[in-house]
Novice: 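Got a structure for you, questions after.
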Amino acid sequence: MIIHDAHSWELDVAGAQEVQRQLAQKLRLQVPGDFRLTSLCGCDVSGAKNDDRVYAVAVVLSYPELTVKEVATAVCPATFPYVPGLLSFREGPPLLKALRRLRAVPDVFLFDGQGLAHPRGLGIASHLGLLLERPAIGVAKKPLVGVYTSPGPEPGDTVPLVYREHQVGTVLRTKRGVKPVFVSPGHLMDFDTATRITLACCRSYRLPEPIRQAHHLSNRLRRGEKISNIY
DNA sequence: GCGACAG
DNA sequence: ATCTTGTCGC
């Protein structure tokens, strides 16, 4: 898919934070009127201690079958350290490289991290959703900001994630007896739709299938294992 | 100043 | 996140 270059990635911490504040003003937390869910794209990046490269994967799944339709990968040297709040500056470049190799244009993108639930309202799902100009959702295993209580025990039970007096996400129980996940809208997305799509993509596991697949494939890519792109 | 801190 | 062994439960 075609993705326009919007800004430099070669920035220091202060410069990256300024870019986030500027981009956050462009976020649209509403689903397009013609939105139809037919395909989803899971995005994830893996890396290792003695390896300064990052391994990105974008995997497209059909909905509601959730079968893999296409896989795109990219390997890049890591150009930015992991700094809480600046994850997209480390994982964004490799993910965009992989996404540009995608033939399909998925209806929605799921990222392993936050969307709105971020110190400046621009987690990786919001940042990349804006650059892609497509609906995006952040699904994180742990919160970055915000306060919350424990959601009920049943799959689908939720509680709001609140930061500075406002809801920034939803704590969602995807599976009984398992820790909840932290869902937040990225771009062209709202709280309810983000939560419902995430839950609809959960099968027998805690994480939604697009992200599970992306996670699995990025690890295989790093280990040099074969990844078939013919489905 | 101290603690917290997506992946 | 990664590293890394065993352990608990379906």
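Here the structure is a predicted model, which means the values were calculated and not measured. Residue numbers begin at 1 in each chain, while the letters A, B, ... track the order of the sequences.
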Novice: Test side-chain contact (heavy atoms from CB on, under 4.5 Å) on A:Thr158 and A:Leu199; report intermediate values, then the result.
Specialist: CA-CA 11 Å; A:Thr158 65; A:Leu199 186 62; over 6 Å; no
Novice: Mind checking what makes side-chain hydrogen bond (donor to acceptor under 3.5 Å, both in side chains) contact with A:Gln213, not counting sequence neighbours?
Specialist: none
Novice: Only Watson-Crick and G-U wobble pairs, only distances under 3.5 Å, only runs of 3 or more: what stems does that leave for DNA chain B?
Specialist: none
Novice: Does a side-chain N-to-carboxylate-O contact under 4.0 Å join A:Arg100 and A:Asp5?
Specialist: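 Counted as a salt bridge, because a side-chain N and a carboxylate O are separated by less than 4.0 Å.
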Novice: For A:Asp52, is the CG atom crowded, meaning more than 12 foreign heavy atoms sit under 6.0 Å from it?
Specialist: no
Novice: Would you say a side-chain N or O of A:Arg222 is under 4.0 Å from OP1 or OP2 of C:dT2?
Specialist: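 So the side-chain polar atoms of A:Arg222 do come within 4.0 Å of the phosphate oxygens OP1 or OP2 of C:dT2, strictly under.
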Novice: Restricting to side chain to side chain contact (heavy atoms under 4.5 Å, CB included), what partner residues turn up for A:Glu225, sequence neighbours left out?
Specialist: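 Partners of A:Glu225 under the side chain to side chain contact (heavy atoms under 4.5 Å, CB included) test: A:Arg220, A:Arg223.
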Novice: Any chance you could encode DNA chain C as dot-bracket? Rule is Watson-Crick or G-U wobble with both distances under 3.5 Å; [ ] for pairs crossing earlier ones, | for another strand.
Specialist: ..........
Novice: Quick one: side-chain hydrogen bond (donor to acceptor under 3.5 Å, both in side chains) partners of A:His216, sequence neighbours excluded?
Specialist: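 If we apply the side-chain hydrogen bond (donor to acceptor under 3.5 Å, both in side chains) test to A:His216, skipping adjacent residues, there are no hits.
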Novice: Is A:Tyr63 reachable from A:Leu102 through a run of I, L, V, M, F, W or Y residues, each pair having side-chain heavy atoms under 4.5 Å apart?
Specialist: no
Novice: With a 3.5 Å cut-off and sequence neighbours excluded, list the donor-acceptor pairs that the side chains of residues 73-93 of chain A form with protein atoms.
Specialist:
unit_1, atom_1, unit_2, atom_2, d
A:Ser88, OG, A:His127, ND1, 2.8
A:Arg90, NH1, A:Phe80, O, 2.6

Novice: In chain order, what residues pass the side-chain hydrogen bond (donor to acceptor under 3.5 Å, both in side chains) check against A:Ser46, with sequence neighbours excluded?
Specialist: A:Arg222
Novice: Show each protein N/O and nucleotides 6-10 of chain C N/O combination with a separation under 3.5 Å, one pair to a line.
Specialist:
none

Novice: Any protein N or O atoms within reach of nucleotides 5-7 of chain B? Criterion: under 3.5 Å, listing atom names and distances.
Specialist:
unit_1, atom_1, unit_2, atom_2, d
B:dA6, OP2, A:Tyr82, OH, 2.7
B:dA6, O4', A:Gln114, NE2, 3.4
B:dA6, N7, A:Gly85, N, 3.0
B:dA6, N6, A:Gly85, O, 3.1
B:dA6, N6, A:Leu86, N, 3.3
B:dA6, N6, A:Leu87, N, 3.1
B:dA6, N1, A:Ile124, N, 3.3
B:dA6, N3, A:Gln114, N, 3.0
B:dG7, OP1, A:Lys141, N, 2.8
B:dG7, OP1, A:Lys141, NZ, 3.2

Novice: In whole Å, I'd like the distance from the CZ atom of A:Phe89 to the C1' atom of C:dA1.
Specialist: 19 Å
Novice: Given C:dT2, is OP1 or OP2 found less than 4.0 Å from the side-chain N or O atoms of A:Asn219?
Specialist: yes
Novice: Which ILVMFWY residues are connected to A:Val147, directly or by a chain of links, through side-chain heavy atoms under 4.5 Å apart?
Specialist: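 ILVMFWY cluster around A:Val147 also holds A:Val162.
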Novice: With sequence neighbours excluded, what pairs up with A:Phe182 under the ring-ring contact (aromatic ring centres under 6.0 Å, His included) test?
Specialist: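 Once residues adjacent in sequence are excluded, the partners of A:Phe182 under the ring-ring contact (aromatic ring centres under 6.0 Å, His included) criterion are A:Tyr148.
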Novice: Does any pair with a residue in residues 197-208 of chain A pass side-chain hydrogen bond (donor to acceptor under 3.5 Å, both in side chains), and if so which ones, sequence neighbours excluded?
Specialist: none
Novice: What's the verdict on side-chain hydrogen bond (donor to acceptor under 3.5 Å, both in side chains) for A:Asp190 and A:Thr193, showing C-alpha distance, side-chain angles and the deciding distance?
Specialist: CA-CA 6 Å; A:Asp190 58 55; A:Thr193 307; 2.8 Å; yes
